[in-house]
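Working notes for the structure below.
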Amino acid sequence: MTERRILRRVRGMPTADGAGVKLTRLIGQPLLDHVDPFLMLDEFRSDRADDYIAGFPEHPHRGFETVTYMLAGHMRHADNHGNHGDLVAGSVQWMTAGRGILHSEMPVQENGLMWGFQLWVNLPARDKMTAPRYQDIGPERIPTVHPAAGVTARVIAGTFAGATGPVDGISTAPIYLDLALEPGAQVEVPLPATHRAFAYVFDGEAVEVAGEPLARGELAVLGNGEGVQLAGSKAGARLLLVAGRPLNETITRYGPFVMNTPEEIRTAVADYQAGRF
Ligand code: FE2
């Protein structure tokens, strides 16, 4: 098996989004514009209500998918296509915005820890104007596997260690794993050679990726290969390991719209303003 190695590493940039939610932007920032097909990765983590209470009031999206994975806390999703969902610890919400959707994600709690991730996954040109779709997946539907001693994996999307995640029908065939490694534990994770991949250590101390330490708070873009070798450091750690088939298409972004050309962005703005979402 050709092993994937760390190609580059970045730390996140503190920023705010929505109505003033404080977060850390890992992908979609000056140091790392995108990891095709992934356009953005945000981590929000705070036990200060002021940092999250304003939430993400109603706003539009077109041309890609937004994925919220919750570790702690409680938010509620609602959109103008009639979907509602409770974002609770361990749940995932995979929203395919397609040709247009208006949604909100608002905190239900008034205090306590709010912790999770939002990932933006691009859609290929042929699917950017597809019908919107919303997959609301409770924690009990995400399989947990133990592929090696001291290793626990939640399989959110894709297949790993005999388990297939509940997210289905996504253009870029993503793999989305939440991995916990106890001190000294080791595991090899196969990832299709066709896919681009990244790893982000969000808890504990560090993980060794192909023998190189990756500290908490660092995101590694992985090189090509068929799999990645991971090992827990002395204190153990938890990480996201995400992979997807790259699109190799032109990306034109304008806030919540991600299309291929500036003309398509102008159409998106006009359609939104005319109430066609
Ligand atoms: Fe959104």
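Order of appearance sets the numbers: ligands from 1, and atoms from 1 within every ligand.
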Using a distance-only test with no angle check, is there a side-chain donor-acceptor pair under 3.5 angstrom linking Gln93 and Thr68? no

Does a donor on one side chain sit under 3.5 Å from an acceptor on the other, for Glu249 and Asn260? yes

So ring-ring contact (aromatic ring centres under 6.0 Å, His included) across residues 133-159, not counting sequence neighbours, yields His77-Tyr134

Hey, which protein N/O/S atoms does the Fe ion (ligand 1) have under 2.8 Å? His59 NE2, His61 NE2, His103 NE2

Any idea which heavy atoms bring Ala185 and Ala149 closest together, and the distance? CB-O, 3.4 Å

What residues form a salt bridge (charged side-chain N to carboxylate O under 4.0 Å, His left out) with Asp136, not counting sequence neighbours? none

Pairs flagged by ring-ring contact (aromatic ring centres under 6.0 Å, His included) wherever residues 6-42 is involved - sequence neighbours left out: Phe38-Phe198

